[in-house]
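Naming: A, B, ... by sequence-line order, numbering from 1 per chain.
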Amino acid sequence: MAIDKYMRERFFPHIWCPGCGHGTILNNMLRAVDELQLNQNEMVMVSGIGCSSRISGYVDFHSLHTLHGRALAFATGIKMSQPNLSVICPMGDGDALAIGGNHFIHACRRNMDITAIVMNNRIYGMTGGQYSPLSGSGITATTAPQKTIDREFDITSLSLASGATFVARTTAYHYREITKYIKEALQHPGFSVVEILSQCPTHFGRRNKLGDAPEMLKLYKQNTTRIGSEAKQNNPELIERGIFRQEIAPEYCAEYAELINRVQQG
Amino acid sequence: MTQRTEFIQGNEVCVNAALYAGLDFFAGYPITPSSEIAETMAKQLPRIGGKFLQMEDEISSICSIIGASLTGHKVMTATSGPGFSLMQETLGFAVMAEIPCVIVDVQRGGPSTGLPTHGSQGDVYQARWGTHGDHAIIALTASNHQDLFSMTVEAFNMAETYRTPVILLMDEITGHTREPVNLPEQGEIPIIGRLRTSVPEGVDYHPYLPREDGRLPMSDFGGKHRYNVTGLYHDMWGFPTTDPNVIHGLIHHLMDKIENHAHEITRYREYYLDDAHTVLISYGCSARTALHVVNSRRRRGEKLGLLELQSLWPFPAELVRAKCAHAHYILVVEMNMGQVVHEVKKAVHEPERVYLANRVDGEFITPTDVRGIMRLIHGRGV
Amino acid sequence: MSRHRLIFAGSGGQGVITAAIILAEAAVLFEGQNAVQSQSYGAAARGGISRSDVIISDAPIHFPKVNQPNTLICLTQEAYNKFNSVIRPGGILITDTHYVSLDTRAEARIYHLPLYTSVMQEIGKPVVFNICVLGALQAITGLVRLDSLHQILKKRIPSRFLDINERALQLGAELGKNTEVQTH
Amino acid sequence: MAKPKVQGHQIKRSWCKGCGICVAFCPKEVLELDQEQKATPERASQCVGCRTCERMCPDLAIAIELEQDDDATN
C-alpha cells in the first residue's frame, strides 16, 4: 500500500479492539499525508492518553505520546519553537474536551497552525467504558449504570466559538471525507479541528445495544447528513457533516515572527 | 573589568542568567511572586529571536516547554507554589521521557493560595516528592544574586548533562529583593550545550540508550531521526513496553544517572566551619539571616559556622555528615515547618544535636529569631 | 564599616518603592557602595501601606530587611502611626505636611516638609511627589550625591517626563536644605 | 477511463481482527470471514476495485492490487 511507508509496521496488529473506528481514521489520515506527499521528517504527531493516543506509536513521524488532555499544550511548544514542522494532534473526546478542554479552547483561540483531530467515540474506552462529556444524556456507561443525565458538548460549535479557523466533521463510515478533511486541515494555515465520529463497539455499542461495528457504521450513515442539506431541514436531529468554517486569520507563529521583526528593527 | 554591574531583582537575575545559559524558549502563566520572570522574558526574548509564550495555565506552560526542548531548544518555565503543584504530573513526564528543562519555583507561603506576596521555603519536599512514583530529581537554590546567576546557569547545564528537568527553588525574598550583581561576559561561565547524536541518517538511532558515560545523545524533533517519546515505560527506541527487564533497567537508570552523581551535583558554600562548635545549615533567603548571625557572633569570638546548601536534591548527605562531624550543635535555619532539618537529622551521626530555627508567619526570619533558638539550645531561655 | 538603614513607607501608588530603588541604585552604580532594596506588598497595587527597605553600606549586606531605620520616610498618616516608633534613637524622620500630622513623639530629628504642596504649586503633577521626597532625603542625609540621583533618573525615566522629574528632585533638595530640624 | 483490473486482495491475516466491516460494506459481496474469523476474498472475481474494504478496514489489513496500480509494488 502507498501508506505503508508512513507506518511502523512492527507494532501491528495494533492494540485497538476489533471494529474500532480509530483504525479507519489512522488508515485514511495516512492517505491524506500520502496525497500531500509530506516529508516524514517534518511531521510530528502529538497525542494524549486513551485509546486514541496510541495512534502516535503507529505512524513513522516524530511522535510524542504525552499526558491525558495535554497533547495540544505540548504541540503548542513544538510548533512555536519550530514553525516549519507539520503538527498533528489526534485526541479522544474525553482527552480533548474533558481534561484537555481548557487547552482545546485556547489552542482554537491562538490559531497556531496545528491540526487537531478529535476521534469522538463518546466513551472512555481505555479505562473500561465510563461516560464522557460527549456521551450525551440517556447513555449507559460503567459510571452511568442508570443512564447519563449529562448534556454533551457540540465540538464543532465549541471550536467555532473558540476561534478555530478550520472546522470540519465527518464519521468513520465516510472514509473519503476523513482523507479529504484532514488533507484540507493539514494545508490550512491556522488551527484546524476535524471531528470524526468513531465507533467503539466494545464499550459504547455493546452497552447501548447499538450492535457490532458494521451496525454502528450504518447508524453514522443514517444519522448524519451534509451541512445545509434538505434532509437536515426535514429532520433536525440529523448530525451535519462537512466543513463548518475555512477562514484565513492571523496565524500565531507568523504573528510572533512579525513581532520579533518589529522588536529587532525597533 | 569585563563585568557589568546591575542593580536588579532576583527574578530579573534569573532571566539574565537563563539567557546567558542559552535559553531561547520560555512559557509561563502569571503568578506572584514569579511574574517578573515572565515579564522580563517577554521583553527580552524577541530581541534575540527567542520565543515567549503566555499559556492558559501552568500545566500547559510546562507541557509547551517540553515540546520546545524536543525540537532542540533550551527552555524554562517559572511559577510559584500553586502553579508548581499543577506542574507536578508533567514534571514526572519530563523525568520519564528525559527531557532537559528548567522549572523555577519562586516560593511563597502555602499550602494553597497561602501568602502570595510573602516569602517561604515550603516547597523543598514538593520539589523532591511532588510528582508520583519513584524518581530522582535535581533542585538548586541560592541566597544572593551573584550565586543565583551561577545557579541558574548550572541548572541549565545540569539539565543538559543529565537529560533531566532541574528545579530552581527561589523564594519571594530573593525574587523581589534588589542588590548588585555582576553580569559575566559570555565565556566566563562554561555553558553545556545539547548533546546531539552523531548517528547518521538511515542508521538505527536509540534515543534511550545511554552511552558509556551515562549520557544520552538527543536528536531534535524535525531532524533526521524519527523516534517515539512517551511517559510510559519504554525501550531504547522510546516505544512503550511492559517487559520487566526493560522496566527494571529504566527505573534504575533514571535514579542512578542522578543519585550516583550526587557528588558532582552538590553545590554549597561554607563559612568558618573549620573550628565551629555550632554549625548552622541554611539555604536560599534564610541563609542570609544565618550568615548575618554567624558573622556577628564570630566578631565576638564565638565559634559559629555556616554550611549554605545550594543543591538540595539529591540531598548532599555525605557533605553534611562530614561538615557536622565535630559540631556540638547543628541548627538548621529555614522558612518552613522543618523540611531540610529532617534530611540533616538523617544524614548526621547523633541526630539529637540537630535543631530547627524557623519562621512561618510570612515575615522574613530575623537574626533575633535565630539567636533566640540558640539561647534555648544553650539553656539560657529566650 | 558604615551602614545606613532606611524605611520608605506610604500608600500604594505614591511611588515609595520606586524612590527606594532609585536611591539604592544610585548608591550602587555611582557611589561605589553596596545596597540592598526590598519591599513588602499589600494585596492591591494601589492603596494600603506600602513599604520598602533600603540598606546602604560599604560592606556586604546579608540580612536585607530593616528593623530599626536610621532614616524613616513616612508619606501617609497610617504609615507614620505604624512605623514612627521603630526609628533608631537619634535617627531621621522625614514626613510630608500635607499627608501627616505629627501627633506622637519620636526620638528623632524630624523634617516635616511641605513637599506635596510645593510639588503641586511649582510643578502641578502629583506623580513626581516621590522624586521630590528623594531630593529632600538627599539634602538631609547626603547618602548619595544629587548628581547620582540625576543619573538614575536619566536612565530610568522616558525623556519626555525627565524635565518634571528633575525639577521635582531639585525642589525637594532645596526644601530639605532650607528646613530647620524640629524636635518634639 | 477504463475499469481497473483487479489482480488480487492482499490480506494480512495476522493484522485482521475479524470485525466484519469489509464483509458488510463490500458492494459486491466479495469478502467473507473464514473459520478463523479472518477476512478472505471468497468471490474475488466479483471485485470491482472500489477499495471500500481497504479504506474502511480498521486494522489496515487489506490492500487491493490493481493492474496499473503503482501501489502494488510498494
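For A:K218, the parts sitting under 4.5 Å from any heavy atom of chain D are the backbone and the side chain alike. Proximity to chain D (any heavy atom under 4.5 Å) is restricted, for A:I3, to the side chain, taken from C-beta onward. For A:E9, the parts sitting under 4.5 Å from any heavy atom of chain D are the backbone and the side chain alike. With a 4.5 Å cut-off on non-hydrogen atoms, A:Y173 touches chain D through its backbone and its side chain both.
Looking at every heavy atom in both residues, A:P18 comes nearest to D:C19 through C-CB, 3.8 Å. Closest non-hydrogen pair, D:F25 versus A:P214, comes out as CZ-O, 3.6 Å. A pairwise comparison of heavy atoms in A:F12 and D:D59 identifies CD2-O, 4.3 Å as the closest pair.
When side chains are defined from C-beta on, A:Q199 counts as touching D:I21, because their heavy atoms get closer than 4.5 Å.
Between the side chain of D:K17 and the backbone N or O of A:W16 there is at least one donor-acceptor pair closer than 3.5 Å. Under the 3.5 Å distance criterion, the side-chain polar atoms of A:H14 are matched with a main-chain donor or acceptor of D:P58. A distance-only check finds a donor-acceptor pair linking the side chain of A:N28 to the backbone of D:R55 [under 3.5 Å]. Side chain of A:N27 to backbone of D:C57: a donor-acceptor contact under 3.5 angstrom is found.
Sparse packing is recorded around CD of D:E29, with 12 or fewer heavy atoms of other residues, nucleotides or ligands lying under 6.0 Å away. The number of heavy atoms from other shown groups lying within 6.0 Å of CZ (A:F204) is above 12. Around atom CD of A:Q37, more than 12 heavy atoms belonging to other residues, nucleotides or ligands sit under 6.0 Å away. For A:R176, the CZ atom counts as loosely surrounded, since its 6.0 Å shell holds 12 or fewer non-hydrogen atoms of other residues, nucleotides or ligands.
Interatomic distance, A:D4 CG to D:L60 CG, rounded to the nearest 0.5 Å: 9.0 Å.
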### Task
Take A:R31 and D:E54, measure what side chain to side chain contact (heavy atoms under 4.5 Å, CB included) needs, and give me the verdict at the end.
CA-CA 11 Å; A:R31 286 166 205 275; D:E54 182 182 314; 3.0 Å; yes
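Chosen from A:A213, A:C17, A:G19, A:P201, the residue pairing most often with chain D at heavy-atom distances under 4.5 Å is A:G19.
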